[in-house]
Amino acid sequence: MASCVLSECGIRPLPRFYPKPTTSFASNPSPTLKLNPPLPSLNTRSWFFPRTRSWALNVATPLTTLETPPEEEDARRFDPGAPPPFNLADIRAAIPKHCWVKNPWKSMGYVVRDVAIVFGLAAVAAYFNSWLLWPLYWFAQGTMFWALFVLGHDCGHGSFSNDPRLNSVAGHLLHSSILVPYHGWRISHRTHHQNHGHVENDESWHPLPESLYKKLEKTTQTFRFTLPFPMLAYPFYLWGRSPGKNGSHFDPDSDLFLPKEKKDVVTSTACWTAMAALLVCLNFVMGPIQMLKLYVIPYWIFVMWLDFVTYLHHHGHEDKLPWYRGKEWSYLRGGLTTLDRDYGWINNIHHDIGTHVIHHLFPQIPHYHLVEATEAAKPVLGKYYREPKNSGPLPLHLLGSLIKSMEQDHFVSDTGDVVYYEADPKLNGQRT
C-alpha cells in the first residue's frame with residue numbers, strides 16, 4: 001500500500017489511521033475526520049520542515065468520477081457521413097478467396113428447388129381448392145415468386161455463373177415467368193449499384209430533392225408515402241420509372257439504355273410479351289377466377305415483397321443515414337449507406353438477399369457466400385456496418401421501421417453534398 005498522499009501543499013506520508021475515501025461526489029457527505037494528533041498549524045516552515053513524524057490527511061480523492069464511458073463518447077462522435085478510414089481494397093482483402101467462387105451447379109440446384117416448390121404449391125392448392133388454404137398458398141407462392149426473382153437478380157449481376165449465356169438464359173426464364181423484363185431490369189439495376197447513395201443518379205428508391213417534391217401533385221405525394229401504395233409500385237416503375245426520371249424498361253430507346261443495349265432490351269420485352277400471352281391463354285383454359293387465385297394474387301404478393309425488401313435496404317434505420325452529391329459521393333461511401341436486414345425463416349427462402357451491404361459493394365459474390373463474406377468484413381467496416389435487429393420466424397419487426405420511414409423520409413435539401421431525409425409535416429396531417 002502506498003505510504004504517501006498528495007496534499008494541496010506537497011507529498012505527505014499517510015497517517016497510521018485514516019478514514020476510507022469517499023467513492024462519489026454526489027451521494028455521500030464528507031465524513032468528519034477525527035485525527036490524532038491534531039492538524040499542524042498552517043505555518044509554511046512546519047509543513048515543509050516538520051518537527052515530528054505525525055502527519056494528517058488533508059485531501060481525499062474520490063475513487064470514481066462521473067465521466068462518460070469512452071465507448072459512448074466514440075458513438076457520439078461517429079459521423080456516418082464522414083469518409084471511412086478504409087477503402088474497398090481493405091474490405092476485399094478481408095473476404096476469404098473461396099467466397100468469390102461461383103458454382104453454376106449449385107446455382108442451378110437452387111433454381112430446380114425453387115421451381116419444384118412453385119409447381120408443387122400450385123398443384124396442391126388447385127387439388128384441394130379450399131378457401132381455408134388459399135390465403136396460405138398466396139403468401140407462400142408470392143414468397144416463392146420473390147425467390148425466383150432473386151435468382152434472376154443473381155443472373156443479372158453475373159454471380160450466378162461465369163458463363164454469360166447461362167446467366168442470360170436462366171435470367172430470362174426466371175424473370176419472364178414473373179413478368180419482369182430481364183435485360184431492361186438488369187441494366188437499370190446496374191445503374192442503381194453504380195450510383196448507390198447518390199441523390200440524383202441513383203435509380204431506385206432514391207430521395208426527391210425538396211423542390212421536386214413540392215412540385216408533385218398532392219395525389220402523387222400521397223401514393224408515394226402512404227401505405228400500402230408504395231408497396232405496389234414495382235410494375236409501375238417498370239413502365240414509367242421514378243418521379244423526375246423518364247423512360248421505360250420495355251422501350252429500347254429509353255434514357256436507361258445505351259445504343260448497343262437496344263437488342264438486349266428488345267429480346268427481354270419479347271420474352272415478357274410471350275409470358276403475358278401465355279397467361280391470357282391459361283385464363284381461357286382455367287377461367288379467370290382460377291388464374292386470379294393461382295397466379296395474379298401471388299404475383300402481387302411478390303411485388304410487395306420486392307418493394308418491401310428493396311425499400312428497407314436503403315431506408316428505415318433508427319439513425320438518419322446520409323445521401324451524397326458531387327465530390328462527396330464515392331462508390332464506397334454510397335454503398336456503406338445500405339442496410340442488412342434479418343428476415344427470420346425467409347432468409348434461406350429468398351437466398352440471403354437481406355445480407356445487403358457486402359452485396360452492394362461486391363455484387364459478383366454469389367448469394368450462398370454473402371453471410372460468410374459479411375462476417376469476415378465486419379472488423380474492417382467497424383461502425384459503418386449497422387448490425388440488423390434479430391427477427392422472429394417472420395420479419396414483423398420491420399413493419400415498424402417501414403411505417404416510421406414513410407412518415408419521416410420525404411425529401412432532401414436541394415443544396416449540400418451530404419444531405420439527410422427531412423419530413424413534410426403537412427403530408428397526411430402528420431406532426432413532427
Under 3.5 Å donor-acceptor, N347 side chain and D352 backbone: no
Distance, nearest 0.5 Å, that separates OG of S161 from CE of M108: 9.5 Å
Heavy-atom pair of closest approach, residues C99 and A373: SG-N, 4.1 Å
L216 CG to R224 CZ distance, which is reported to the nearest 0.5 Å: 7.5 Å
Plane angle bin for F411 and Y213 - parallel if under 30°, tilted between 30 and 60°, otherwise perpendicular: tilted
Check: K320 and D409 side chains under 4.5 Å, non-hydrogen atoms: yes
Lys/Arg N to Asp/Glu carboxylate O, E318 vs K404, below 4.0 Å: no
For K378 against Y385, the heavy-atom pair lying closest together: CE-CE2, 3.5 Å
Modelled atom types, side-chain donor and acceptor of D154 and H367, under 3.5 Å: yes
Pair H249 and Y237, ring centroids less than 6.0 Å apart: yes
Heavy-atom check, side chain of W205 versus side chain of S242, under 4.5 Å: no
Over all atoms of both residues, closest heavy-atom pair of V101 and P366: O-CG, 3.4 Å
Donor + acceptor pair across side chains of H206, N195 (<3.5 Å): no
Straight-line distance of L336 CG to L361 CG, nearest 0.5 Å: 5.5 Å
Centroid separation H153 to H351 less than 6.0 Å: no
Distance-only polar pair, side chains of D340 and T355, donor-acceptor under 3.5 Å: no
Straight-line distance of I95 CD1 to D90 CG, nearest 0.5 Å: 11.5 Å
Under 3.5 Å, sequence neighbours excluded: what are the donor-acceptor pairs made by side chains of residues 286-305?
| residue | atom | partner | partner atom | Å |
| --- | --- | --- | --- | --- |
| K293 | NZ | N129 | OD1 | 3.0 |
| Y295 | OH | S177 | O | 2.8 |
| W305 | NE1 | T143 | OG1 | 2.9 |

Approximate separation, where rounding is to 0.5 Å, of W323 CH2 and R333 CZ: 14.5 Å
Ring centers of H359, H193 separated by less than 6.0 Å: yes
Derivation and outcome, side chain to side chain contact (heavy atoms under 4.5 Å, CB included), residues I365 and W100: CA-CA 5 Å; I365 295 179; W100 305 88; 3.7 Å; yes
Residues E328 and R325 bridged, charged N to O under 4.0 Å: no
Distance-minimising heavy-atom pair for W239 and S248: O-CB, 3.1 Å
Ring pair (Phe, Tyr, Trp, His ring centres under 6.0 Å) against F236, all qualifying residues, sequence neighbours excluded: none
S268 side chain near H172 side chain, heavy-atom distance below 4.5 Å: yes
Distance flag, aromatic centroids of F149 and W185, threshold under 6.0 Å: yes
Distance-only polar pair, side chains of T337 and H314, donor-acceptor under 3.5 Å: no
Residues K426 and D424 bridged, charged N to O under 4.0 Å: no
Residues, nucleotides or ligands: over 12 heavy atoms within 6.0 Å of K389 NZ: no
Side-chain touch T269/T273, heavy atoms, less than 4.5 angstrom: yes
Non-hydrogen side-chain atoms of L381 and T374 separated by less than 4.5 Å: no
Short side-chain to backbone donor-acceptor contact, K102 and G158, under 3.5 Å: yes
Y311 and S405: side chain donor to acceptor below 3.5 Å: yes
Approximate separation, where rounding is to 0.5 Å, of M144 CE and F139 CZ: 12.0 Å
Neighbour count above 12 (heavy atom, 6.0 Å) for K106 NZ: yes
Any I346 side-chain heavy atom under 4.5 Å of L394 side chain: yes
side-chain hydrogen bond (donor to acceptor under 3.5 Å, both in side chains) partner of E203, the single match among H189, H192, R241: R241
Minimum heavy-atom distance between A147 and D114, given as atom pair plus value: CB-OD2, 3.7 Å
For W272 against L179, the heavy-atom pair lying closest together: NE1-O, 3.0 Å
Close side-chain approach of Y384 to V357, heavy-atom, < 4.5 Å: no
Residue pairs passing the side-chain hydrogen bond (donor to acceptor under 3.5 Å, both in side chains) test where at least one lies in residues 257-267, sequence neighbours excluded: R190-E261, D253-K262
